[in-house]
Amino acid sequence: MTDSPAQNTRDIKLEASWKKALADEFISDYMVQLRSFLLRQKQAGKLIYPPGNEIFSALDFASVDCCKLVILGQDPYHGAGQAHGLCFSVKPGVAVPPSLMNIYKELKSDTGFLPPNHGCLNYWAEQGVLLLNAVLTVEAGNAASHQRQGWEKFTDKIVEVLNIKRKGLVFLLWGSYAQRKGFMIDREKHLVLESAHPSPLSASRGFFGNQHFSKANAYLEKQGVAPIDWQLPQIRTD
C-alpha cells in the first residue's frame with residue numbers, strides 16, 4: 001500500500017491469488033478512505049507499524065489455495081521492531097510477547113512443543129498458516145489506534161473468501177474480537193475452534209488446556225492434509 005489515496009490496484013504488491021480475490025476491495029470507497037487516513041497519519045508525523053512492505057505479509061505467505069489453517073489476531077504490536085505482518089509473531093531478536101509466551105505454554109502442554117529462542121512464526125506461515133490480524137496497521141505506542149478505519153471490513157472479506165472458496169480449513173478464534181469474525185464461517189465445511197485469548201488477562205479462563213493445536217492437526221489429517229509442524233526451529237543469534 002502506497003501513500004496515494006488513488007492508488008491503482010496494479011500497484012499493490014500482493015500474492016497473486018489474493019490480489020485477484022481482493023481486487024474489488026482495493027478500489028472500494030472504504031479502502032480509499034482508509035488510504036487517506038493512513039496518508040494523514042504519515043503527514044502528521046505518526047510512525048505506523050508494521051512497515052508498508054510488511055502490511056500484507058500474512059497473505060503473501062499463505063495463498064488462497066495453500067492456506068490450511070487461520071489464526072485470527074486483533075491488532076499489530078505497537079512497540080518498536082515488533083510487528084512484521086503476522087499476528088502474534090515478532091522478528092528474531094525481539095523479546096517474545098506475553099501472549100505468545102502463553103501460546104508456547106499451551107503448545108508444550110498439548111504437543112510436547114519445545115519453546116524456541118525467538119518469537120518469529122514464519123515457519124508456521126510457510127506451511128499454510130494464515131496469521132491474520134483483524135486490523136493490519138497501528139500507530140507506534142498507541143494500541144488499537146487504527147481500529148474502525150476500514151481494516152476490519154477488509155479482513156472480513158479475507159475470511160469470506162476462504163470460507164467460500166475452500167473446504168476443510170481450520171479457524172482458531174481466540175477471544176471475543178476474533179470470534180466475531182467466526183459468524184460468517186460455515187461450520188459444516190470447516191473446523192472452528194474457539195477459546196479465551198492467550199493474553200495474560202484471560203489465558204487462564206479457557207485458553208490453557210484448549211488443545212487447539214492437536215485438534216487442528218487431527219482434523220487436517222482426517223481431511224487428507226499434511227498436519228502443521230508446530231515445532232519452531234531455533235534461530236542462530238550470533
Side-chain angles (χ1 to χ4, degrees), residues 50 57-62 66-77 79 81-134 159 162 168-179 181-182 185 187 190-237:
S57 288
L59 300 178
D60 290 333
F61 273 107
C66 292
C67 181
K68 299 179 181 179
L69 183 147
V70 181
I71 297 177
L72 286 173
Q74 186 165 333
D75 297 274
Y77 296 122
Q82 291 182 304
H84 66 116
L86 306 182
C87 72
F88 295 108
S89 180
V90 292
K91 292 181 178 180
V94 176
V96 177
S99 290
L100 184 53
M101 289 290 291
N102 285 338
I103 290 171
Y104 286 177
K105 288 179 183 178
E106 175 57 24
L107 270 164
K108 183 176 182 179
S109 172
D110 186 20
T111 71
F113 174 89
L114 299 175
N117 60 346
H118 62 89
C120 182
L121 306 182
N122 282 8
Y123 181 63
W124 294 356
E126 290 166 355
Q127 298 177 70
V129 178
L130 179 62
L131 294 159
L132 181 69
N133 277 314
V159 174
L162 291 172
L169 298 182
V170 181
F171 292 84
L172 304 186
L173 309 182
W174 299 331
S176 59
Y177 199 91
Q179 288 160 15
K181 285 193 181 299
I185 302 169
R187 299 180 186 222
H190 307 286
L191 176 65
V192 178
L193 298 175
E194 301 180 345
S195 78
H197 193 275
S199 162
L201 299 175
S202 57
S204 61
R205 298 200 296 268
F207 178 78
F208 291 137
N210 66 22
Q211 298 183 321
H212 280 185
F213 304 100
S214 60
K215 290 175 181 177
N217 273 351
Y219 177 82
L220 290 174
E221 290 185 288
K222 190 174 180 179
Q223 306 303 309
V225 176
I228 306 300
D229 178 8
W230 296 112
Q231 183 59 60
L232 295 164
Q234 300 287 341
I235 292 179
R236 291 185 59 177
T237 57

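Bear in mind the structure is a predicted one, so any value in this text is a computation, not a measurement.
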Show the nearest heavy-atom pair for residues [X] and [Y], with the distance to one decimal.
X	Y	answer
Y177	A134	CE2-CB, 3.4 Å
L169	C67	CD2-O, 3.1 Å
Q234	P115	NE2-O, 3.8 Å
P116	P233	CB-O, 4.1 Å

Query - Chi angles and distances behind the side chain to side chain contact (heavy atoms under 4.5 Å, CB included) call for V170, H190 - result: CA-CA 6 Å; V170 181; H190 307 286; over 6 Å; no

Note, [X] side chain near [Y] side chain (heavy atom, < 4.5 Å):
X	Y	answer
F61	N122	yes
I228	V129	yes
Q179	V192	no
L72	N133	no
V159	F171	yes
I71	C87	yes
F207	I103	yes

Report task. Dump the intermediate steps for side chain to side chain contact (heavy atoms under 4.5 Å, CB included) on F113 and L232, then the final yes or no. Result -> CA-CA 8 Å; F113 174 89; L232 295 164; 4.2 Å; yes

Which residues satisfy the side-chain hydrogen bond (donor to acceptor under 3.5 Å, both in side chains) test with [X], sequence neighbours excluded?
X	result
N217	none
D229	Y123
R187	E194
K181	T155, D156

Query raised in the report: Can you list every pair that meets salt bridge (charged side-chain N to carboxylate O under 4.0 Å, His left out) and has a residue in residues 111-130, with sequence neighbours left out?
Result: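 Every candidate salt bridge (charged side-chain N to carboxylate O under 4.0 Å, His left out) pair involving residues 111-130 fails, so no pair, neighbours aside, qualifies.
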
Requested in this report: List the steps, then state whether ring pair (Phe, Tyr, Trp, His ring centres under 6.0 Å) holds for W230 with F213.
Outcome: CA-CA 8 Å; W230 296 112; F213 304 100; 4.9 Å; yes

Report task. Quick one: list whatever passes ring pair (Phe, Tyr, Trp, His ring centres under 6.0 Å) with Y77, sequence neighbours left out. Result ->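 Partners of Y77 under the ring pair (Phe, Tyr, Trp, His ring centres under 6.0 Å) test: none.
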
Requested in this report: Just do the side chain to side chain contact (heavy atoms under 4.5 Å, CB included) check on H84 and S57 with the steps written out, would you?
Outcome: CA-CA 7 Å; H84 66 116; S57 288; 5.9 Å; no

Rounded to the nearest 0.5 Å, what separates atom [atom1] in [X] from atom [atom2] in [Y]?
X	Y	atom1	atom2	value
Q127	K68	CD	NZ	6.5 Å
I185	L162	CD1	CG	9.0 Å
W124	L86	CH2	CG	11.0 Å
L132	L59	CG	CG	6.5 Å

Report summary line: Sorted by chain and residue number, the salt bridge (charged side-chain N to carboxylate O under 4.0 Å, His left out) partners of K215 (sequence neighbours excluded) come out as none

Query raised in the report: So which pairs with a foot in residues 195-204 pass side chain to side chain donor-acceptor pair (under 3.5 Å), sequence neighbours left out?
Result: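 Found S195-N210.
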
Report summary line: Applied to residues 95-110, the side chain to side chain donor-acceptor pair (under 3.5 Å) test, sequence neighbours excluded, yields D110-S214

Requested in this report: Could I get the full list of side-chain contact (heavy atoms from CB on, under 4.5 Å) partners for P92, not counting sequence neighbours?
Outcome: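 With sequence neighbours excluded, P92 shows a side-chain contact (heavy atoms from CB on, under 4.5 Å) to C120, I235, given in chain and number order.
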
Requested in this report: Go through the steps for L173 and L193 under the test side chain to side chain contact (heavy atoms under 4.5 Å, CB included), then give the verdict.
Outcome: CA-CA 6 Å; L173 309 182; L193 298 175; over 6 Å; no

